[in-house]
Amino acid sequence: MTRVHVVGAGLAGLACALKLSRAGARVTVYEAAGHAGGRCRSFFDETLGCTIDNGSHMMLGANEATRRYLADAGSEDAVTEIAPAAFPFVDIPSGEKWRVAPGPGPIPFWLLNRDRRVAGTGPADYFEIFRLARAGSGETVSDRVDRAGRLYERFWQPLSRAVLNTDASEGSARLLWSMVRETFLRGEKACRPFFFGNGLSAALVDPVLKTLADNGAEIRFRSRLRTVLVEDGRASELAFGADSVPVRDDDYVVLAVPPDVCGSLLPECRAPTRSSPILNAHYLLEEPVELPWGMPFLGLTGAEAQWLFTRGNSVSVTVSAADRLIDRPGDDLAELLWAEIAPVLGHPQRPVPPCRIIKERRATIAQTPAEIARRPATRTAIRNLMLAGDWTDTGLPATIEGSIGSGALAARSVLEERARARAA
Ligand SMILES: Cc1cc2nc3c(=O)[nH]c(=O)nc-3n(C[C@H](O)[C@H](O)[C@H](O)COP(=O)(O)OP(=O)(O)OC[C@H]3O[C@@H](n4cnc5c(N)ncnc54)[C@H](O)[C@@H]3O)c2cc1C
């Protein structure tokens, strides 16, 4: 009976295993770490004495693969939907506040309402969206929009950093367009932000591990794949240090590992090589704080801090595309970011509250045109081996939706390949 060996228990591997186990396949998941979730997980932090996420994450209403995944794992209730959609912002230097609040339907009539668009912009400024739609594969966001315009620092740059984890001067215009098309141009519902109020693992990891166990899938933690043996164009053995696992004739392998690991396991496989960091500062306050408009998150412009997220007594700052800051000592970062956000929260600049800095140096691939061109397809030259991960060629940015979508695609490819092999 077919067994599928899924290597990597990040969201891509979990999504793949979930789909396959629901389809009745026998599945074994191998994970190098002692826990699942990869770059998207919660853990207990000794410094703050509470559970935090490795980094604040947000998903959007348009993320259909993620919504199906949550439904399959029975964890839809573990996410909070903000309706109607609105993205509040504060410009730190000027103190100006605004909300981007898309309206219903695909025609953006909402841009005619000044309370729904970026402060200091007019509806005509947004025609740039259609310039993005015509971007060539080698063009960056700033090649397609006006760098001197008001929208650049207040819309395109925050959007490029949040969605592509890449500065607008380098980020792929085509990839950002894929997100704009699926969200802003589909109307308010597709733009709704979804939050993980009880943490990432409570929604995206723990319920999936339980469902996998219920479906009879096996999960082996602390199993780091070292070598894939390939014979006659097929993967025939997986070596995990001292142990090795035979890949039988009708077995399949899905590699759902990061791109650098895939590159070392399969040197002939093309993969992006440049990554981009994300920095998170989690502060523990004495009591909960209220953000403008009573929202659980806030976009910031004109500062190093880019987003604020609140959960109970904690407030977290996100800095994406954080190359400029990532090598600075944690204490400096805690002070620098607190000095920027304290006035917004109505807190004094000193003392700096207890803080945990988390540096994810390889948070995602750098989503530049050159790196995007190196994304490989799901199927490989090895007949029984597929790839999954946010860095593979999903046509989507490297996000929760991209990773879950890639896992679902790999599962579908395995099932199709198995059906084809059986028919033959
Ligand atoms: C700080 C931060 C903030 C983010 N914010 C957002 C956001 O707001 N919205 C959003 O949509 N996305 C966000 N993302 C991106 C999102 O987290 C990723 O796209 C997603 O988690 C990637 O999942 P993956 O399964 O593709 O990869 P990974 O999570 O990297 O999973 C790969 C797994 O393979 C394992 N592995 C590695 N080598 C081996 C080996 N040799 N053998 C066995 N196992 C191995 C790893 O331990 C890991 O568990 C953010 C990412 C970070 C880091």
Side-chain angles (χ1 to χ4, degrees), residues 5-17 28-41 52-60 62-63 65-66 69 161-165 179 183 193-196 200-201 204-205 208 219-228 238-241 243 245 253-266 275-282 297 306-307 309 316-322 326 357-365 367 375 387-392 394 396-410:
H5 306 271
V6 178
V7 185
L11 298 186
L14 292 177
C16 179
T28 306
V29 182
Y30 308 86
E31 165 57 50
H35 52 77
R39 284 173 277 149
C40 184
R41 68 195 169 82
I52 57 174
D53 293 336
N54 66 318
S56 306
H57 281 58
M58 188 196 283
M59 59 173 270
L60 298 173
N63 294 165
T66 309
Y69 171 90
R161 288 177 178 158
V163 175
L164 303 180
N165 187 25
M179 177 270 176
T183 53
F194 282 69
F195 281 93
F196 302 93
L200 295 169
S201 292
L204 293 164
V205 181
V208 180
I219 309 211
R220 298 190 193 170
F221 290 110
R222 298 192 177 79
S223 297
R224 182 177 295 280
L225 180 63
R226 308 273 177 195
T227 317
V228 181
L238 302 177
F240 298 86
D243 297 333
V245 173
V253 177
V254 175
L255 280 191
V257 295
D260 56 320
V261 177
C262 182
S264 65
L265 290 168
L266 304 174
S275 55
S276 179
I278 300 182
L279 182 67
N280 269 260
H282 300 281
F297 73 110
Q306 295 163 6
W307 293 92
F309 294 84
S316 305
V317 179
T318 300
V319 185
S320 296
I326 201 78
I357 298 283
I358 301 181
K359 297 177 177 179
E360 288 277 11
R361 288 178 186 274
R362 294 181 176 179
T364 64
I365 55 169
Q367 295 172 73
R375 288 172 122 186
L387 301 178
D390 62 351
W391 55 277
T392 58
T394 56
L396 298 170
T399 52
I400 295 176
E401 178 72 2
S403 54
I404 290 177
S406 77
L409 192 60

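Both counts, for ligands and for their atoms, begin at 1 and track the order of listing. In this chain, numbering begins with 1 at the start of the sequence shown. All heavy atoms count here, side chains included; hydrogens, waters and symmetry mates do not. These numbers come from a predicted model, not from an experiment.
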Exercise. Say whether, by atom type as modelled, one donor and one acceptor occur between the side chain of Arg226 and the main chain of Ala239 under 3.5 angstrom.
Key: no
Quiz item: Do any nitrogen or oxygen atoms of Ile278 lie less than 3.5 angstrom from nitrogen or oxygen atoms of ligand 1?
Solution: no
Quiz prompt | For atom 17 (O) of ligand 1, the protein heavy atom that lies nearest, with its residue and separation | solution = His57 NE2, 2.8 Å
Exercise. Report the part of Glu360 in contact with ligand 1, treating N, CA, C, O as backbone and CB onward as side chain, heavy atoms under 4.0 Å; options are side chain, backbone, both, neither.
Key: side chain
Quiz item: For ligand 1, does Val7 get within less than 4.0 Å through its side chain, its backbone, both, or neither, judged by non-hydrogen atoms?
Solution: side chain
Quiz item: atom 30 (O) of ligand 1: which of Arg224, Met59, Arg39 has the nearest heavy atom?
Solution: Arg39
Exercise. Closest by any non-hydrogen atom to atom 36 (N) of ligand 1: pick that one out of Val257, Thr399, Val6.
Key: Val257
Practice problem: Can you pull out the closest protein heavy atom to atom 31 (O) of ligand 1? Residue, atom name and distance to 0.1 Å, please. | Solution: Gly10 CA, 3.4 Å
Self-check item: ring pair (Phe, Tyr, Trp, His ring centres under 6.0 Å) partners for Tyr69, two or more places apart
Solution: none
Practice problem: Please state whether Ala15 comes within less than 4.0 angstrom of ligand 1, counting heavy atoms only. | Solution: no
Quiz item: Where's the contact between Ser406 and ligand 1, heavy-atom distance under 4.0 Å: side chain, backbone, both or neither?
Solution: neither
Exercise. Please state whether Gly402 comes within less than 4.0 angstrom of ligand 1, counting heavy atoms only.
Key: no
Self-check item: Flag, side chain of Asn63 to backbone of Glu401, donor-acceptor distance under 3.5 Å
Solution: no
Exercise. Using the six-membered ring wherever Trp is involved, compare the ring planes of Phe195 and Phe297 and label them parallel, tilted or perpendicular (cut-offs 30° and 60°).
Key: tilted
Quiz prompt | Ala36 and ligand 1 - part of the residue with a heavy-atom distance under 4.0 Å | solution = neither
Exercise. Could you tell me whether ligand 1 has any atom less than 4.0 Å away from a heavy atom of Met58?
Key: yes
Quiz prompt | atom 20 (C) of ligand 1 - nearest protein heavy atom and its distance | solution = Ser403 OG, 3.7 Å
Quiz prompt | Structural part of Ala32 in contact with ligand 1, heavy atom criterion under 4.0 angstrom | solution = both
Practice problem: Tell me which protein heavy atom sits closest to atom 53 (C) of ligand 1, plus the residue, atom name and distance to 0.1 Å. | Solution: Ala363 CB, 3.6 Å
Self-check item: Side-chain donor or acceptor of Trp391 paired with backbone N/O of Val257 under 3.5 Å
Solution: yes
Quiz item: Can Ala162 be said to touch ligand 1, with heavy atoms closer than 4.0 Å?
Solution: no
Quiz item: Do Gln306 side-chain atoms and Ser320 backbone N/O form a donor-acceptor pair below 3.5 Å?
Solution: yes
